[in-house]
**Q** 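Pasting a structure below so you can have a look.
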Amino acid sequence: MRTCGIEIKGSEAIICLMTLKNGLFDLPDCRQNRFALSKDQDQQQMRHFQFTFAKFIEDYQITQLVIKERPQKGKFAGGAVGFKIEAALQLIAGCNCSLLSATELKEKLKRHPLPVDFKATGLKVFQETAFLTAYAFLAK
C-alpha cells in the first residue's frame, strides 16, 4: 500500500510518501515534497491545487492519504485556508483519505517506536510530521 502522509501548515500541504511491503517500510523518491495553495479565494486556484494533487496521486499510484488532523478550536487550531486544503484533498476521487489526530499519532508512536532515526531517512526537516503521520498509519 502506497501511503502519503500529509501535514497542513498555513497554505501548504507538506507530504511524505511511504510504502509498507512484507513488513518493510520504504520511502520512494518523489518529485515534490509540498503543494502550495496561493490564492484560496479564487475558484480556479482551488481547482488547480486539487487537480495537481490528484495528478500526483495518479502518477505515484497512491492508494491512501493520511492527514494529520488539526483542532478546529483552541490554541493550536488550524486556519481557514488549511481546512480548505483538507477538504480539497478529501474530495479527490479514487483515493482513500483518513485523518489522524495528534493523540492517535502519539499513541501509535509509543506502541511502535521508529525503527530508524529521522535524520537517517534523507527527508527534509520540515517533512518530519508528514513522515510520522504516514508511519503511524501504516504501523498497525
**Q** Ala134 and Cys16: which non-hydrogen atoms are nearest, and at how many Å?
**A**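 Closest approach of Ala134 to Cys16: CB-O, 4.3 Å.
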
**Q** Would you call Lys55 and Glu58 a salt bridge, taking side-chain N to carboxylate O under 4.0 Å as the test?
**A**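 Here Lys55 pairs with Glu58 in a salt bridge, since their nearest N and O are under 4.0 Å apart.
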
**Q** Does Ile15 reach the side chain of Tyr60, with side-chain heavy atoms less than 4.5 Å apart?
**A**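 Of all side-chain heavy-atom pairs linking Tyr60 with Ile15, none is under 4.5 Å.
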
**Q** Are the side chain of Thr63 and the backbone of Arg2 linked by a donor-acceptor contact shorter than 3.5 Å?
**A**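 Checking the backbone N and O of Arg2 against the side chain of Thr63, a donor-acceptor pair under 3.5 Å is found.
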
**Q** Between Glu7 and Thr133, is any pair of side-chain heavy atoms under 4.5 Å apart?
**A**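 They are not in contact (no side-chain heavy atoms under 4.5 Å apart), so the answer is no.
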
**Q** I want to check something: taking the side chain as every heavy atom from C-beta on, are Ile8 and Ile67 in contact at a cut-off of under 4.5 Å?
**A**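 Yes. Closest side-chain heavy atoms under 4.5 Å.
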
**Q** Taking the side chain as everything from C-beta on, heavy atoms only, tell me whether Met46 gets closer than 4.5 Å to Leu37.
**A**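 Yes; the side chains approach each other to less than 4.5 Å.
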
**Q** Please check this pair: side chain of Glu104 against backbone of Ser101, looking for a donor-acceptor N/O pair closer than 3.5 Å.
**A**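 Yes: the side chain of Glu104 pairs with the backbone of Ser101.
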
**Q** Do Leu99 and Gln90 have side-chain heavy atoms sitting under 4.5 Å apart?
**A**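 A side-chain contact under 4.5 Å exists here.
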
**Q** Taking atom CE of Met18 and atom OG1 of Thr121, what is their separation to the nearest 0.5 Å?
**A**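 That separation rounds to 8.5 Å.
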
**Q** List the atom pairs, with distances to 0.1 Å, where a side-chain N or O of residues 19-32 and a protein N or O form a donor-acceptor pair under 3.5 Å, not counting sequence neighbours.
**A**
residue, atom, partner, partner atom, Å
Arg31, NH1, Asp59, OD2, 3.2
Arg31, NH2, Asp59, OD2, 3.1
Gln32, NE2, Arg34, O, 3.1

**Q** Can you confirm whether more than 12 heavy atoms, excluding those of Phe51, are under 6.0 Å from its CZ atom?
**A**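 Count not over threshold, so no.
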
**Q** How close do Met1 and Phe137 get, heavy atom to heavy atom, and via which atoms?
**A**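 Nearest pair, atom of Met1 first, then Phe137: SD-CE2, 4.1 Å.
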
**Q** When rounded to the nearest 0.5 angstrom, what is the spacing between CD1 in Ile57 and CG in Leu17?
**A**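 Here the interatomic distance stands at 10.0 Å.
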
**Q** Could you pull out the closest heavy-atom pair between Ala36 and Phe49, with the gap in Å?
**A**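 Minimum heavy-atom contact is O-CD1, 3.7 Å.
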
**Q** Can you check whether Phe131 reaches Leu114 side chain to side chain, under 4.5 Å on heavy atoms?
**A**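 A side-chain contact exists here, since the closest heavy-atom pair is under 4.5 Å.
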
**Q** Atom CD in Gln127, atom NZ in Lys124: separation rounded to 0.5 Å?
**A**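 Here the rounded value is 7.5 Å.
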
**Q** For Ala88 and Gln50, which heavy atoms make the closest approach, and how far apart are they?
**A**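 Closest pair (atom of Ala88, atom of Gln50, distance): O-NE2, 2.9 Å.
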
**Q** How long is the span from the NE2 atom in His112 to the CD atom in Glu107, to the nearest 0.5 Å?
**A**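 If we round to the nearest 0.5 Å, His112:NE2 and Glu107:CD are 11.0 Å apart.
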
**Q** Using the salt bridge (Lys or Arg N to Asp or Glu O under 4.0 Å) criterion, which residues pair with Arg47? Sequence neighbours excluded.
**A**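 Partners of Arg47 under the salt bridge (Lys or Arg N to Asp or Glu O under 4.0 Å) test: none.
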
**Q** What pair of heavy atoms forms the shortest contact from Leu132 to Leu105, and how long is it?
**A**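 Closest approach of Leu132 to Leu105: O-CD1, 3.4 Å.
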
**Q** Output, in order, the C-alpha distance, side-chain angles, deciding distance and verdict of side-chain hydrogen bond (donor to acceptor under 3.5 Å, both in side chains) for Gln64 and Ser98.
**A** CA-CA 8 Å; Gln64 179 71 47; Ser98 300; 2.9 Å; yes

**Q** Which atom pairs, one a donor and one an acceptor, fall under 3.5 Å between side chains of residues 78-86 and the rest of the protein, sequence neighbours left out?
**A**
residue, atom, partner, partner atom, Å
Lys84, NZ, Asp40, O, 2.8
Lys84, NZ, Asp40, OD2, 3.3
Glu86, OE1, Arg70, NH2, 2.9

**Q** Could you walk me through whether Leu89 and Phe35 pass the side-chain contact (heavy atoms from CB on, under 4.5 Å) check?
**A** CA-CA 11 Å; Leu89 296 177; Phe35 289 85; over 6 Å; no

**Q** OG1/Thr129 to CD1/Ile14 distance, rounded to the nearest 0.5 angstrom?
**A**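 With rounding to 0.5 Å, OG1 (Thr129) is 7.5 Å from CD1 (Ile14).
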
